[in-house]
Amino acid sequence: MILEGRDVTHAPPNEIAALGVAQLPGGIGVFPSLSVAENLRAASWLDRRGNPEAAQRRVLERFPQLADRLDDRAGDLSGGQQQMLGLAMAFLTRPRLLMIDELTLGLAPVVVEELLPMVRELRDEGVTIVLVEQSVNTALTVAETAYFMEKGEIRFQGPTAELLERPDILRSVFLEGAASVGDPDPGTAGDPERTPVRVGRPADDGRSAILEVRGMARSFGGIVAVGGVDLDAYPGEILGLIGPNGAGKTTLFDLVCGFTEPDAGSAILEGRRLDGRSPSTRSRRGLGRSFQDARLFPALTVEETLAVALDRWTGAHDPVSAALRLPHILASEKQVVSRVAELLEMMGLGAFRSKFVNELSTGTRRIVDLACVVAHRPVVVLLDEPSSGIAQREAEALAPVIRRIRDEMGCALVVIEHDMALLRSIADRMVALDQGAVVAEGTPDEVLGHPAVVASYLGSDPEALMRSKPTTV
């Protein structure tokens, strides 16, 4: 690697950083055990001759949410707030070359709207920026030159606008597999078991909620994460859950699943209270959860991963019988193999069946994660940012996959998502949270048009709002 005429290929990271190269890694780019203020001080190590405190004040003016949480552990911040802290730390190094991996990862549209001008300001100040970004729509607003990589090779190099003229390039590695997981065949539209369940206002049709959340509340160190939230999800419904970073969305999921104990409130699944139940017990009762980072076993193949996900429905678990290869064990294994084959076909994963999870693209791992949820056969599925970290075209292919899950299982889905184009295309209803409280509830158009939602969450930048809106190719 040549930097301003100097070969830095084998230079240690600290020397490269001292030459003015900074990186904002994707995912967690902060020290979670340190406070926000300590993270910022640590990021000022290169500015010993300047005034680090003044630089930190300028950064906090750009990120007022961080200014309110200087004494909090970085690990207690929401994913979006951690991303903001990482970007603030990168700014403090005064870089000449700034490499940003997934700028919009986990960020609300209004935050993305704030960050894009900052990136442009840095560019105008003479900073060279290399941006890794899955959303073509977002990349178009800040980049003049585009490189498209696939399987470690450069497939395209040139002006960003020309990339849109290459439909052979603008596809995802997984898209051809996901294409088979489309909407139900129009010929089956009259079949009540296959017709998508669309709901307007559930109270009007007299149905009972399959998941009820009542008065759920939780605080961390005096900060109210969730404050008395009421929520209902109905059979066959896709409920969108939106809100700014730190609004309490993921914390609400953790409370419902039993990963975090509530200060008050309860969750009711199919009429049975889940108070005091462990996450595994709630799972066996039919509560499914997909995490933002697709928590899979990296050393297992796709087939093995799906087989593990079928454990709830495996009748034989005795290790002695398994060692002796008794008939009931063989019959159970045969059922598992058959069900795995069905899941591979249903989710378009046949080409990946023998691949290890750590060899898969982010989008493919996301589909494997969803296949594990289907294998579990839950009655309620909680999806936390299913489009996080996947390419724009993969996000566009994700909508029919999510609808197919709903239609195949007849379950209710509650989906946290920052990509409004994706969520608007699948959601029957939406609920908006802000500062741990419900601020709007209704149809997608009603919620997305609510003044409080626009002001605190959506903003007015269409590129930040519709990250996976199909581009014209």
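- Applying the ring pair (Phe, Tyr, Trp, His ring centres under 6.0 Å) test to Phe356 and every residue at least two apart in sequence or in another chain returns nothing.
- For Arg73, the salt bridge (charged side-chain N to carboxylate O under 4.0 Å, His left out) test picks out Asp76, with sequence neighbours left out.
- Looking at residues two or more places apart in sequence or on another chain, you find a side-chain hydrogen bond (donor to acceptor under 3.5 Å, both in side chains) between Ser35 and Glu38.
- Looking at residues two or more places apart in sequence or on another chain, you find no ring pair (Phe, Tyr, Trp, His ring centres under 6.0 Å) involving Phe220.
- Counting only residues at least two apart or in different chains, salt bridge (Lys or Arg N to Asp or Glu O under 4.0 Å) contacts with residues 208-217 comprise Glu212-Arg214, Arg214-Asp232.
- Taking Asp263 as the reference, Arg218 meet the salt bridge (charged side-chain N to carboxylate O under 4.0 Å, His left out) condition, with sequence neighbours excluded.
- With sequence neighbours excluded, no residue forms a salt bridge (charged side-chain N to carboxylate O under 4.0 Å, His left out) with Asp369.
- In this structure Ala90 satisfies the side-chain contact (heavy atoms from CB on, under 4.5 Å) test together with Leu98, sequence neighbours excluded.
- For the salt bridge (Lys or Arg N to Asp or Glu O under 4.0 Å) condition, the pairs that include at least one residue of residues 266-279, sequence neighbours left out, are Arg273-Asp275.
- Note that the CD atom of Gln23 and the CE atom of Met89 stand 12.0 Å from one another [nearest 0.5 Å].
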Only pairs under 3.5 Å count here: list side-chain donor-acceptor contacts from residues 297-307, not counting sequence neighbours, and write none if there are none.
from: Thr301; atom 1: OG1; to: Glu304; atom 2: N; distance (Å): 3.2
from: Thr301; atom 1: OG1; to: Glu304; atom 2: OE1; distance (Å): 3.4
from: Glu303; atom 1: OE2; to: Arg353; atom 2: NE; distance (Å): 3.0
from: Glu303; atom 1: OE2; to: Arg353; atom 2: NH2; distance (Å): 2.8
from: Glu304; atom 1: OE1; to: Thr301; atom 2: N; distance (Å): 2.9
from: Thr305; atom 1: OG1; to: Thr301; atom 2: O; distance (Å): 2.8

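- Judged as a side-chain contact (heavy atoms from CB on, under 4.5 Å), and not counting sequence neighbours, the contacts of Asp311 are His317.
- Not counting sequence neighbours, the partners of Leu326 by the side-chain contact (heavy atoms from CB on, under 4.5 Å) test are Ser321, Leu324, His328.
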